[in-house]
Amino acid sequence: MTSPSAANAWPPPPDLVSIRELVRAADPEGHIAAGAHADEYDPEEEAILAAIGNLQTSELVAATTLPLIQSVWQASFGLGDAEMQQRRPALLGLAEQIERFFGPEAKPQVRS
């Protein structure tokens with residue numbers, strides 16, 4: 001059974017619903033903007049959560065998560081270095097959002 005203090009721990013650990021929301025907002029491949037279904041990135045979202053889900057709050061910073069996200073992305077889409085460079089801004093933005101929501105400086109967020 002989870003203790004009341006553990007249940008109210010802040011910031012919360014990453015969860016799949018939040019990772020999905022952040023990846024879809026980042027849309028690094030532009031698939032969703034081009035009209036693809038919202039579940040286009042499901043495998044990547046699950047792999048990102050698996051890669052970062054066990055990190056401590058202090059480790060949930062862009063400098064730590066970006067290489068993990070890039071590794072997932074490169075493996076999933078079979079991208080070369082030049083192609084990864086093109087996606088780096090979107091993937092960095094995703095890493096920064098993960099830090100904002102789950103990292104050591106996270107503040108309560110209100111989703112709209």
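Keep in mind that the numbers below use all heavy atoms, side chains included, and drop hydrogens, waters and symmetry copies.
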Listed partners of S76 passing side chain to side chain donor-acceptor pair (under 3.5 Å), at least two apart: E44

Would you say that V72 contacts I69 through its side chain, given a criterion of any heavy-atom pair below 4.5 Å between the two side chains? no

Heavy-atom closest pair, residues H31 and F77: NE2-CE2, 4.1 Å

Below 3.5 Å, can you tabulate the donor-acceptor pairs from side chains in residues 91-99 to any protein atom, sequence neighbours excluded?
from	atom 1	to	atom 2	distance (Å)
Q97	OE1	R100	NH1	3.4
E99	OE1	A62	N	2.9

Is the shortest side-chain heavy-atom distance between W73 and P28 below 4.5 Å? yes

Once salt bridge (Lys or Arg N to Asp or Glu O under 4.0 Å) is applied, do any residues pair with E46, and if so which ones, sequence neighbours excluded? R20

If you look at every heavy atom in P11 and G103, which pair is closest and at what distance? CG-O, 3.4 Å

Hey, does the side chain of E59 reach the backbone of Q56 with a donor-acceptor pair shorter than 3.5 angstrom? yes

Check the pair V61 / E105 against side-chain contact (heavy atoms from CB on, under 4.5 Å), numbers first and verdict last. CA-CA 9 Å; V61 294; E105 302 298 320; over 6 Å; no

So, do L66 and R88 sit near enough that their side-chain heavy atoms are less than 4.5 Å apart? yes

Return each pair, listed once, that meets salt bridge (Lys or Arg N to Asp or Glu O under 4.0 Å) where at least one residue sits in residues 25-37; pairs must be two or more places apart or across chains. E29-R87

What verdict does the side-chain contact (heavy atoms from CB on, under 4.5 Å) test give for L68 and I48, after you've listed the backbone C-alpha separation in whole Å, the side-chain angles of each residue and the deciding distance to 0.1 Å? CA-CA 7 Å; L68 300 172; I48 289 170; over 6 Å; no

Taking side chain as C-beta onward, heavy atoms only, is L22 less than 4.5 Å from F102? yes

Flag, side chain of E40 to backbone of H37, donor-acceptor distance under 3.5 Å: no

Considering residues at least two apart in sequence or located in another chain, which fulfil the side-chain contact (heavy atoms from CB on, under 4.5 Å) criterion with L49? P14, L16, I19

Residues in salt bridge (Lys or Arg N to Asp or Glu O under 4.0 Å) with R24, at least two apart? D42, E45

